[in-house]
Amino acid sequence: MHSTSSSDASPAPHAARLDRLDRMADMLDSRFRIPGLGIRFGWDSVLGLVPGLGDLATAVPSGYMIYQGAKMGARRRVLAQMGANAAVDFVIGGVPVLGDVFDVFFKAHRRNIALLKREMARVDAADQGQGAAAGSDGSAVDD
């Protein structure tokens with residue numbers, strides 16, 4: 001009979017989901033580069049040029065990132081930080097012209113994916129530690 005423990009699982013169980021969210025954050029905040037200046041911007045900045053609708057459209061992916069963070073087990077504190085970043089992006093991003101410039105430099109989605117990656121590294125490390133501790137007495141858990 002084959003026994004498995006959490007250490008048999010992939011070293012980063014959230015890696016695929018984080019990779020998808022990272023690509024989404026890149027599209028929204030860093031997809032394009034201004035030649036000669038090296039300033040990066042994404043669809044969040046472009047869509048933000050459309051008054052009202054653009055900022056609302058980019059709030060949806062922000063909510064999705066927070067939802068995915070909750071599903072992966074991120075702490076409430078991290079989810080609140082992500083929500084605050086999204087709220088700042090939405091409110092200030094909604095101010096004509098100033099908000100569009102702000103979006104280029106604030107990059108709420110990149111901030112949120114960085115928060116989520118750090119949190120998931122913590123969660124994964126804690127899960128691996130529990131798996132190692134559970135098997136330290138020589139017992140095996142059958143699936």
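One is the number of the first residue; the rest follow in order along the sequence. FYI, side chains are in, hydrogens and waters are out, and symmetry mates aren't considered; it's all heavy atoms of this structure.
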In residues 86-100, what donor-acceptor pairs under 3.5 Å come from side-chain atoms, sequence neighbours left out?
unit_1: Asp100; atom_1: OD2; unit_2: Val97; atom_2: N; d: 3.4

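- The heavy-atom pair separating Arg110 from Ala25 by the smallest distance is NH1-CB, 3.5 Å.
- Under the 4.5 Å side-chain contact rule for hydrophobic residues, Met82 and Phe106 do not share a cluster.
- Between Tyr64 and Tyr67, the angle of the ring planes lies from 30° to 60°, which puts this pair in the tilted group.
- Contact of the Gln68 side chain with the Arg20 side chain is not registered, since no non-hydrogen atoms from C-beta on lie closer than 4.5 Å.
- The hydrophobic cluster containing Leu115 also contains Phe105, counting ILVMFWY residues as joined when their side-chain heavy atoms lie under 4.5 angstrom apart, directly or transitively.
- Under the side-chain contact (heavy atoms from CB on, under 4.5 Å) criterion, Arg122 pairs with Arg75, Glu119, not counting sequence neighbours.
- Interatomic distance, CE of Met24 versus CG of Asn112, reported as 9.5 Å (0.5 Å rounding).
- A salt bridge links Asp22 with Lys117: the distance from a Lys NZ or Arg NE/NH1/NH2 to an Asp or Glu carboxylate oxygen falls below 4.0 Å.
- With hydrophobic clusters built from ILVMFWY side chains whose heavy atoms lie under 4.5 angstrom apart, Ile39 shares a cluster with Trp43.
- Atoms CG and CD1, on Asp26 and Ile113 in that order, are 10.5 Å from each other to the nearest 0.5 Å.
- Atom-to-atom distance recorded for Asp55:CG and Leu49:CG is 9.0 Å, nearest 0.5 angstrom.
- Other residues, nucleotides and ligands contribute only 12 or fewer heavy atoms inside 6.0 Å of the CZ atom of Arg31.
- There is a path of hydrophobic side-chain contacts, each under 4.5 Å, that joins Leu37 to Val101.
- Using a distance-only test at 3.5 Å, with no hydrogens or angles considered, no donor-acceptor pair links the side chain of Asp44 to the main chain of Asp29.
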**OP:** Would you check, one step at a time, whether the test side chain to side chain contact (heavy atoms under 4.5 Å, CB included) holds for Lys71 with Arg17?
**Re:** CA-CA 11 Å; Lys71 281 183 65 174; Arg17 190 177 296 178; 3.7 Å; yes
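- The shortest non-hydrogen separation linking Met72 to Val123 is O-CG1, 4.4 Å.
- Closest non-hydrogen pair, Gly73 versus Met120, comes out as C-CE, 4.1 Å.
- Listed for the Lys107 side chain is no donor-acceptor partner under 3.5 Å among the backbone atoms of Leu28.
- The shortest non-hydrogen separation linking Leu116 to Ala74 is CD1-CB, 4.1 Å.
- Scanning for side-chain contact (heavy atoms from CB on, under 4.5 Å) contacts around Phe41 gives Phe32, Ile34, Ser45, Val46, Val104, with sequence neighbours left out.
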